[in-house]
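What you see is a predicted model; the values in this text were computed from it and never measured. Quick note: numbers below take in every heavy atom, side chains included, and nothing from hydrogens, waters or symmetry partners.
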Amino acid sequence: MPGGRPTDYGDEVVDLICSRLAVGESLNRICKDADMPAMSTVFGWLSKYPEFVEKYTRAREAQAETHADRIIEIADNPDIDANHKRIMVDARKWVASKLKPKRYGDKLDLDHSGNVGLTVTVKRLTDA
């Protein structure tokens, strides 16, 4: 589209957005490219096109996997300062936990066993 950002929905731009998301690029960075739609346009498409929602969701799930893979690469890289490495790893862990919480989110252990110290009194009501 000469002179401006694309606003027309189409498979080519949708596939490009989703493939870039899947390899770990942020939507913000993608939408800063002059040949990409603005974020507001992408969000509009998400509310208008169910097929885009499905592709976008799969791309975000793949992005979580990409971030998880990169954590190992960062941790194993001896050229990165330990403090910077920690920040990079923490950021990717947080994003992965939000994108795919069942796999990478915090798990709560709600199992309980033992005496909790409660007394229960049961009263029988009889017909009057």
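- Under the 4.5 Å side-chain criterion, counting only non-hydrogen atoms from C-beta, Leu27 is in contact with Phe43.
- In this structure, CG on Leu99 lies 10.0 Å from OG1 on Thr66, to the nearest 0.5 angstrom.
- Nearest approach of Val23 to Arg70, heavy atoms of both residues: O-NH2, 2.7 Å.
- Among Val14, Val13, Asp15, the one residue that satisfies the side-chain contact (heavy atoms from CB on, under 4.5 Å) test with Ile17 is Val13.
- Distance CD1/Ile74 to NZ/Lys85: 9.5 Å, rounded to 0.5 Å.
- A salt bridge links Arg58 with Glu54: the closest approach of a Lys/Arg side-chain nitrogen to an acidic carboxylate oxygen falls below 4.0 angstrom.
- Tyr9 places none of its side-chain heavy atoms less than 4.5 Å from the side chain of Pro37.
- One distance of note links NZ of Lys55 with SG of Cys18; it measures 7.0 Å at 0.5 Å rounding.
- Between Asp33 and Arg20 a salt bridge is recorded (basic side-chain N to carboxylate O distance below 4.0 Å).
- In this structure, CE on Met39 lies 13.0 Å from CZ on Arg29, to the nearest 0.5 angstrom.
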Review point. Run the side chain to side chain contact (heavy atoms under 4.5 Å, CB included) check on Gln63 and Arg60 step by step: do they pass?
Key: CA-CA 5 Å; Gln63 188 178 55; Arg60 286 297 194 173; 2.6 Å; yes

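- Side chains of Glu65 and Tyr104: a donor-acceptor N/O pair is present below 3.5 angstrom, by distance only.
- Interatomic distance, CG of Leu46 versus OH of Tyr56, reported as 6.0 Å (0.5 Å rounding).
- The pair Arg5-Asp35 fails the salt-bridge criterion, with no side-chain N (NZ, NE, NH1 or NH2) lying under 4.0 Å from an Asp/Glu carboxylate O.
- Of all the heavy atoms in His67 and Val95, the pair that sits closest is CD2-CG1, 3.6 Å.
- For the pair Ala96 and Ala64, the tightest heavy-atom approach, listed with the atom from each and the gap, is CB-O, 3.9 Å.
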Review point. Does the side chain to side chain contact (heavy atoms under 4.5 Å, CB included) test come out yes or no for Met36 and Thr41, once each step is laid out?
Key: CA-CA 10 Å; Met36 285 285 131; Thr41 300; over 6 Å; no

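- Between Lys93 and Asp90 the shortest side-chain heavy-atom distance falls below 4.5 Å.
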